[in-house]
Amino acid sequence: MLETKIYLDNAATTKVSDNVLNAMLPYLKDGYGNPSSIYTLGRNAAIAMEEARSKVAKALGCDATEIYFTSGGSESDNWAIKSTAHMMAAKGKKHLITSAFEHHAVLHTMQALEKEGFEVTYLPVYENGIVHPEDVEKAIREDTALVTIMYANNEIGTIQPIPEIGLICKDKGVIFHTDAVQAVGNVHINVKEQNIDMLSLSGHKIHAQKGVGVLYVNKKYRLSPLIDGGAQERGRRAGTENIPGIVGLGVAITDACANVDAKNAKLKPMQDRIINEIMKIERTHLNGDRERRMASNLNFSFEGVEGESLLLQLDLQGIAASSGSACTSGSLDPSHVLLSIGLPHEVAHGSLRISMSEYTTDEEIDKLLEVLPGIVQKLRSMSPLWEHIIKGETFKIK
Ligand SMILES: *Cc1c(COP(=O)(O)O)cnc(C)c1O
């Protein structure tokens with residue numbers, strides 16, 4: 001049987017770390033109390049949850065009372081954006097600002113709000129995949145309710161000038177949310193120093209389990225609930241809390257934030273090595289800024305290659321990677337992220353995302369670099385498109 005031996009798709013999800021698993025196990029077994037119950041078993045669960053909340057708050061540089069546990073990044077994004085939009089609409093502000101290459105949890109939420117009559121400005125991200133703070137400043141109007149810009153892009157790994165954008169929003173008195181799902185553990189985050197009013201993060205991208213996440217909300221704001229029901233999360237988010245997941249997330253974010261520098265020091269040389277080798281393949285493009293990107297992320301386009309075929313060939317070698325976003329694979333539309341940085345459809349289709357973690361080894365990268373050039377060559381030799389490309393008969397890109 002084929003198996004995945006080399007996991008290079010950490011932007012899609014990550015394995016649960018031993019630290020996280022060990023912290024969770026007691027709450028999956030004997031510590032199963034409902035934190036709303038008043039007897040000891042319940043109170044113990046509540047105490048564990050509040051400890052996890054303090055850990056998250058410490059990692060982000062805020063108060064524990066500003067942390068809300070959710071079911072993940074998608075819920076946090078939906079909640080922050082929808083509730084802020086409705087809160088501000090009541091004050092006559094119905095304009096929202098975001099970027100063209102946000103995660104679908106943000107973009108589809110914006111589309112839903114457009115149907116309700118909100119107006120949305122989608123800022124460009126240019127060829128290198130970076131939002132310009134001046135564009136944010138220019139886009140802000142009297143009736144702007146919210147600016148939401150992701151901290152780091154999930155497909156091409158580019159890091160956005162979040163502190164600068166936060167400062168502009170603060171000066172203009174506009175609420176600022178960031179989807180930091182990919183950034184946590186890769187970038188130093190401090191919500192107060194960086195003028196962030198709301199921030200989304202997700203457990204399963206930082207070695208905690210799937211189905212648990214966080215929304216940080218500055219205590220100046222009181223968001224209406226997205227999920228109604230019980231009085232959990234100080235009446236803001238109903239539903240019996242996912243205690244094992246929350247406890248694991250507390251450990252995961254502590255580890256992730258303590259290891260940012262060590263992780264980058266380890267991954268940067270690996271990233272450089274991959275870029276140097278892969279860019280030797282003709283008609284290959286590195287997507288996203290060369291420098292202003294997370295050390296864990298690489299995204300290439302190979303002209304004349306079909307991304308899906310590339311993934312299948314890598315899978316045969318036991319290597320898991322991704323083409324565009326995992327959420328969109330299965331659809332034939334090219335990634336909106338790659339289109340937003342100006343790639344033609346044909347080139348966007350031939351993209352490969354490699355996303356590493358602190359567990360990635362040099363030997364794994366050796367293996368990738370050993371097989372990838374041959375796979376690209378083989379697929380091109382079978383592609384009718386490639387003939388046209390090398391004769392210069394098709395699309396042009398710089
Ligand atoms: C994965 C991801 C999400 C969604 O998080 P879930 O916990 O899977 O719902 C949102 N935004 C970004 C940038 C992501 O990478």
Side-chain angles (χ1 to χ4, degrees), residues 7-16 20 56 67-82 98-112 122 125 129-131 148-160 162 165 177-187 189 196 198-216 226-227 237 239 241-242 244-246 248-250 252-253 256 287-288 293-294 296-299 320-330 335-338 340-341 353-357:
Y7 186 72
L8 296 173
D9 201 14
N10 288 281
T13 197
T14 59
K15 72 169 178 184
V16 169
V20 168
V56 175
I67 298 299
Y68 298 89
F69 291 112
T70 67
S71 67
S74 300
E75 183 188 328
S76 297
D77 286 342
N78 269 263
W79 186 15
I81 297 167
K82 287 178 178 161
T98 189
S99 80
F101 76 165
E102 298 291 312
H103 190 274
H104 283 136
V106 170
L107 287 182
H108 290 176
T109 298
M110 290 294 178
Q111 286 161 16
Y122 299 91
V125 297
I130 311 262
V131 173
T148 175
I149 303 288
M150 69 197 322
Y151 212 128
N153 184 271
N154 48 305
E155 290 189 40
I156 59 174
T158 50
I159 300 167
Q160 306 307 308
I162 293 302
I165 295 172
H177 167 259
T178 186
D179 174 340
V181 172
Q182 293 288 334
V184 176
N186 290 303
V187 178
I189 298 177
I196 298 166
M198 299 182 199
L199 176 146
S200 303
L201 65 90
S202 174
H204 76 101
K205 305 287 174 75
I206 57 169
H207 305 286
Q209 70 160 134
K210 293 158 188 69
V212 64
V214 161
L215 180 64
Y216 148 79
L226 185 69
I227 298 181
R237 199 276 186 183
E241 302 87 341
N242 172 3
I246 287 169
L249 178 52
I253 196 167
N287 296 318
R293 68 189 307 129
M294 297 184 288
S296 54
N297 172 289
L298 293 139
N299 189 307
S322 160
S323 180
S325 159
C327 319
T328 51
S329 59
S335 138
H336 70 285
V337 174
L338 298 177
S340 76
I341 58 169
R353 179 184 70 185
I354 297 161
S355 48
M356 303 182 283
S357 81

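When a ligand or atom number is given, it counts from 1 through the structure's own listing order. For clarity, every value in this text was computed on a predicted model and none was experimentally measured.
Side chain of His103 to main chain of Ser74: no donor-acceptor pair is present (N/O by atom type, distance under 3.5 Å, no hydrogens or angles). Using a distance-only test at 3.5 Å, with no hydrogens or angles considered, a donor-acceptor pair links the side chain of Arg293 to the main chain of Ile156. Here the side chain of Ser296 pairs no donor or acceptor atom with the backbone of Ser357 at under 3.5 angstrom. No side-chain donor-acceptor contact under 3.5 Å links Asn153 to the backbone of Thr158. At least one donor-acceptor pair closer than 3.5 Å links the side chain of Gln182 to the backbone N or O of Ala11.
Closest approach of Met198 to Leu215, counting heavy atoms only: CB-CD1, 4.5 Å. Scanning both residues, Val181 and Ser202, for their nearest heavy atoms gives CG1-CB, 3.7 Å.
Protein heavy atom closest to atom 9 (O) of ligand 1, with residue, atom name and distance, is Ser74 OG, 2.7 Å. With respect to atom 7 (O) of ligand 1, the closest heavy atom belonging to the protein is Ser202 OG, 2.6 Å. Scanning all protein heavy atoms for the shortest distance to atom 11 (N) of ligand 1 gives Asp179 OD2, 2.6 Å.
In this structure, of Glu155, Glu102, His103, the residue bringing a heavy atom nearest to atom 3 (C) of ligand 1 is His103.
Polar contact with ligand 1: present for Gly73 (N/O pair, distance under 3.5 Å). Considering backbone and side-chain atoms together, His204 places an N or O closer than 3.5 Å to an N or O of ligand 1. Annotation: Glu75 places no N or O atom under 3.5 Å from an N or O atom of ligand 1; distance criterion only. Looking at Asn154 next to ligand 1, no N or O pair under 3.5 Å apart turns up.
Side chain to side chain, Ser335 and Glu155 meet the donor-acceptor criterion of an N or O pair below 3.5 Å. Side chains of Ser200 and Asp179: no donor on one and acceptor on the other come within 3.5 Å.
Here Lys205 has side-chain heavy atoms under 4.0 Å from ligand 1, and that is the only part of it that gets that close. When non-hydrogen atoms are compared, ligand 1 lies under 4.0 Å from neither the backbone nor the side chain of Lys210.
Here is the list of ligand 1 atoms found below 4.0 Å of a heavy atom in Gly72: 7 (O). The ligand atoms of ligand 1 that sit less than 4.0 angstrom from a heavy atom of Met150 are 13 (C). Less than 4.0 angstrom separates some heavy atom of Gln182 from each of these atoms of ligand 1: 13 (C), 14 (C), 15 (O).
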